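By convention in this document, chain letters (A, B, ...) are assigned in the order of the sequence lines, proteins followed by strands, and residues within each chain are numbered from 1. Values in this document were obtained by computation on a predicted structure and should not be read as measured data.
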Amino acid sequence: MQYIDRLQVRKRINFRLRLNSILKYVFLGATLSGLVVLAILLIRTVSQGFAWIDWNFITGHLSMDPEKAGIMGAILGTFWLMLVVVFFTLFLGMGAAIYLELYAKKGRIHSLIQTNIANLAGVPSIVYGILGLTVFVRLMDFGSTVLAGGLTLSLLVLPIVIVSSQEALRAVPQTLGEASYGLGASKWQTIKSIILPTALPSILTGSILALSRAIGETAPLVVLGIPALLIPFPGGFMDRFTALPMQIYYWTLDAALVEEYANLAAASIIILLLMLFILNSIAIYIRNKFQHRF
Amino acid sequence: MAVQTQLYAVPAIEKKESKNKNEVEKESIFETKSLNLWYGETQALKNIDLKIPEKSITAIIGPSGCGKSTFIKTLNRMVELIPSVQTKGDIHYKGSNILSKDYSAEALRTDVGMVFQKPNPFPKSIYDNVAYGPRIHGIKKKSILDDIVEKSLKDAFIWDEVKDRLKENAFGLSGGQQQRLCIARCLAIEPEVILMDEPTSALDPISTTKVEELIQSLKKQYSIVIVTHNMQQAARISDQTAFFLNGEVVEFGKTDELFTEPKDSRTMDYINGRFG
């Protein structure tokens, strides 16, 4: 008794193969549509802004006059912000991930915390802006400073850093930990000398990707009341500042008043993209350099 | 199943005496007393009473899932790494109960080293792999570490193969070399007992032979407990053998006797390949 009818199989095989090749092009189209939009955006931005990038634009102070305007203040502001974000997310993110993954007892409370962290990663950034405004700007009275902005952005990306660090720690083969415990090492010795160094490349990759998200965030900064037109450069954590995305946002808004502001916004976008590109390259470099094979 | 009445199982009266005189502990390094272990609801070890003699090789054989790996991992309390494990009973190591709350697992594992089924070197250099144990126990001086590394690698029969590449990553070694490196890493903490959980099951025949020769040379200095799937291996290298089945010890005795004249019919069936 045969269940598969060879004749039927042969009849259907053409249809199956055709469906396969049609779907291949559907999926290619899906890939291309995203790429095409990105390419249009890039081409427009570069054609509008590239001519405006010169030494004065990069190093100059802000000005109402489009010809004289520079974005060093915003670049420095973004730089200071990142210092705060890197410091807090690496310590808090790695600490929380180590606790949740390696120390905490797995149970109800653990899975409750775990679920909430995953949910926090999906909270809109503007909500974090309101949180930052309430806690850091008003309650702790930091004002619209680098510290307040940096802490707000840290909270925003912390869930991402925690989850990706946890995944990195989980990916370390259990046999390595066992080998260390088997020699009489304590948990912390095992984490410090074996698990963390093995997981570090992936942790750093995840963190840098989260960081590049923080760099581009605008909404929370708007809520925090970060100004765009600010002449002095920020020199420390308690200084008022502006950041690249804010600059782009306000110039885009004001393009209705002064046409050249649109070009300045485009030029700033190119600078921001360059910074992101450099950050991501560092991430890839770190991953490739320290990657372990098992 | 009742208390085992083979060679090393000891009647209750004798136990009482030995507590005072410390006689039994002199010759046996481990002594388990009605050891029971559960993974959640499933009981994996049932009333294990075994005396493991020192400075010899004790093989644990039995079919998959009989509890032999679980048993060996209770001897250095590695089972505790599994969250749902519960143990009952005593394990005496040199006279003190290692399952009691105040016996630290870290101290125990410094005395009772372990070699695992799959070679698991750290992603570090060959030197750092061997020096890891001494370092975590506080040895920092380079000259001492150098000595320990050389001695351990020599004792593990791998010094000649790696002496020119100590700074290279251990992952560059072959599987058999990695396993001997793991044995060297274990020797570096100067243990009294070495537990081996199927140490040759991931190795080719030639590497297996080398590791077996190594194990035999180690028994002069160390007490060795080895879990193996391979009955020929148990017969070749061990002094005494315990046969586990469904979490119980069916038979424990001198390897020669157990393999030639097993007292229990189930042991007979297993060593003749009728199941398992």
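Contacts between residues 178-191 of chain A and chain B, counted as heavy-atom pairs separated by less than 4.5 Å, involve A:E178, A:A179, A:S180, A:Y181, A:G182, A:L183, A:G184, A:A185, A:S186, A:Q189, A:T190. Of residues 111-120 of chain B, those residues with a non-hydrogen atom less than 4.5 Å from any non-hydrogen atom of chain A are, in numerical order, B:V112, B:G113, B:M114, B:F116, B:N120. Contacts from residues 137-158 of chain B to chain A, taken as heavy-atom pairs separated by less than 4.5 Å, involve B:H137 in sequence order.
B:L81 places none of its side-chain heavy atoms less than 4.5 Å from the side chain of A:Q174. Considering only heavy atoms from C-beta on, A:I194 comes within 4.5 Å of B:Y132 through its side chain.
Listed by first and then second residue, the salt bridge (charged side-chain N to carboxylate O under 4.0 Å, His left out) pairs that reach into residues 183-200 of chain B are B:K73-B:D197, B:K94-B:E192, sequence neighbours excluded.
Contact between A:L176 and B:P121 at its shortest, heavy atoms only, is CD2-O, 3.3 Å.
For the atom pair OG (A:S193) and NZ (B:K124), the distance works out to 5.5 Å, reported to the nearest 0.5 Å.
Atom CG of A:L35 has more than 12 heavy atoms from other residues, nucleotides or ligands within 6.0 Å. Under a cut-off of 6.0 angstrom, the local environment of NZ in A:K106 is crowded, with over 12 non-hydrogen atoms contributed by other residues, nucleotides or ligands. Heavy atoms of other residues, nucleotides or ligands lying less than 6.0 angstrom from OH of A:Y285 number 12 at most. When the shell of 6.0 Å around NZ of A:K24 is examined, it contains 12 or fewer heavy atoms from other residues, nucleotides or ligands.
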